[in-house]
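Read through the structure below, which is laid out as structure tokens, and then see the notes.
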Amino acid sequence: MSKPASTPTPENTQLKDIVAHAKEYGFVFQSSEIYDGLAAVYDYGPNGVELKNNLKRLWWEAMTQLHGNVVGIDAAIFMAPQTWEASGHVAGFNDPLIDNLDSKKRYRADVLLEEKAAEYENAGDPARGAALTAEMGRLLTANDLAGVRQLILDEKIKCPVSGTGNWTEVRQFNLMFSTQGSAVDSDAPPVYLRPETAQGIFVNFLNVQKSARMKIPFGIAQIGKAFRNEIVARQFIFRMREFEQMEMQFFVRPGTEGEWYDTWKAARRRFHEALGLPPEKLRFHDHDKLAHYAKAAVDIEYEFPFGFKEMEGIHSRGDFDLTQHQNLSRKKQQYFDNDIDEATGKPYGNYVPYVVETSVGADRLFLATLCQAFQEETITEGEGETQTTKQRTLLKLHPAVAPIKAAIFPLVRKDGMPEKAQQIFDDLRFDFRLVIEDKDAIGKRYTRQDLIGTPFCIVVDGQTLEDDTVTVRHRDTREQTRMPISALRAYIGEAVSFKTVFAKL
Ligand code: GAP
């Protein structure tokens, strides 16, 4: 019998600790928790929203500010229903589902098979795992659902809850949420909540190209909510029903998409590494089953506590989307390219551009960042007989994305120290997100800031009142540096600047 999903392992114990930490320190809460929550929907708390906004801003600037040929938009969530006919989502945005007749639990058939393949890989037989995912890809591409079921039976995959292999047929289930589009016409077609932000970019391709006078190759970037009726709601914010995507469609001349695919694949991996995700915890994974729109697709996977899983997708979408919209809307989606084709000596002329897409979930990037930052370490204090060891938990976040950049501590709540701390706060608040903490012993205050990933703690003490210097305590090393108050802006500014990330891209 395969291992039940709820069996504690070091990996899911670590995820449990991260989930508990995220709640306790105001990063992520279950949505409408007082009503026992809504499955796979989450809210971000005071520290979570700061971290998430920093990640989004970093991505946005890395796309738009660092590339002269990438501009942004913010399209609506609701779109004309035909959008989703043209994009293929009405017909093809399905998950293959299977039910276990004994436990009455529902699963994604492809996830059951992927987990089996991972089992082979973990047991040292990657070839068998690869053969299984390839066979699954072949069957799903051919929409051979009976074949998928047979593969589950052949692999003797059991329900983790009932332990039996008593499976139903495999059925396709559309993932789009819909709502009533018209208050007066009950026959009006449903309005969908967009399942990807990309279509808001495709339908605006010519608006943007003309208004911003863009020349191919160019990109359009967008950050926004997307919605999918996910059946397998597990692993915290990894798979949500309401989530946020950061997508960029890059429009290129047909025939050049291969180079651009490679370029963006490498660029996006560099982004994650520059943010502090270690190279050995990142890998590329080519898709076994291509989405209906894709000619080539690769995932950037991060090693979460529950294994290597997709964080970002890079897709070569060809002219699929623009051609589909052109056909259904009867509005030309062409670009006139007046660059000279060396082969013919004439301009390339009119064509429907090809698209290379980069698509990363803001919530998955958040989860990877949090998992990577969450560390428990043993620290030794004092020397000889007085030496003690203790455990500390900290978030080693990149300072550029930390929710709070510095905490200011008056050593005691008297002798003018609180007033001095307030002066420093007022002086730096236009530059950084700061807090003043004056409760409890200094050690406890450091601990509280370590737990939320604050890179610097500034201590105002007796000497500060005499010579306007403070100590700056560093989160990761716990070292302290004495410096003039007048040096703080430049010192903190350099460490938290996005430039430290951008320089590595
Ligand atoms: N426009 C292409 C597209 O949507 P995708 O691979 O389905 O491609 C892109 O999604 C990214 O969106 C994923 O790599 C993931 O980071 C994020 N994502 C997708 N479904 C998600 C979900 N249910 N919860 C959280 N993030 C999700």
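For reference, positions follow the sequence shown, starting with 1. One-based numbering, in listed order, for ligands and for the atoms of each.
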Contacts table for residues 497-505: side-chain donor-acceptor under 3.5 angstrom, sequence neighbours left out:
{"unit_1": "Ser497", "atom_1": "OG", "unit_2": "Lys499", "atom_2": "N", "d": "2.9"}
{"unit_1": "Thr500", "atom_1": "OG1", "unit_2": "Ser497", "atom_2": "O", "d": "2.8"}

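- Residues Glu247 and Thr197 bring a donor and an acceptor atom of their side chains to less than 3.5 Å of each other.
- Glu196 pairs with exactly one of Lys225, Arg317, Arg228 by the salt bridge (Lys or Arg N to Asp or Glu O under 4.0 Å) rule, that one being Arg317.
- Between Lys52 and Asp363 there is a salt bridge, since a side-chain N of the basic residue sits under 4.0 Å from a carboxylate O of the acidic one.
- Residues lining ligand 1 at a heavy-atom distance below 4.0 Å are given as Glu196, Ala198, Arg228, Glu230, Phe238, Arg239, Met240, Phe243, Gln245, Glu247, Tyr293, Glu310, Met311, Glu312, Gly313, His315, Arg317, Glu357, Ser359, Val360, Gly361, Arg364, ordered by chain and residue number.
- Remark: of the listed residues Phe218, Phe250, Trp264, Trp264 is the sole one forming a ring pair (Phe, Tyr, Trp, His ring centres under 6.0 Å) with His67.
- Scanning both residues, Ile300 and Ile314, for their nearest heavy atoms gives CD1-CD1, 4.3 Å.
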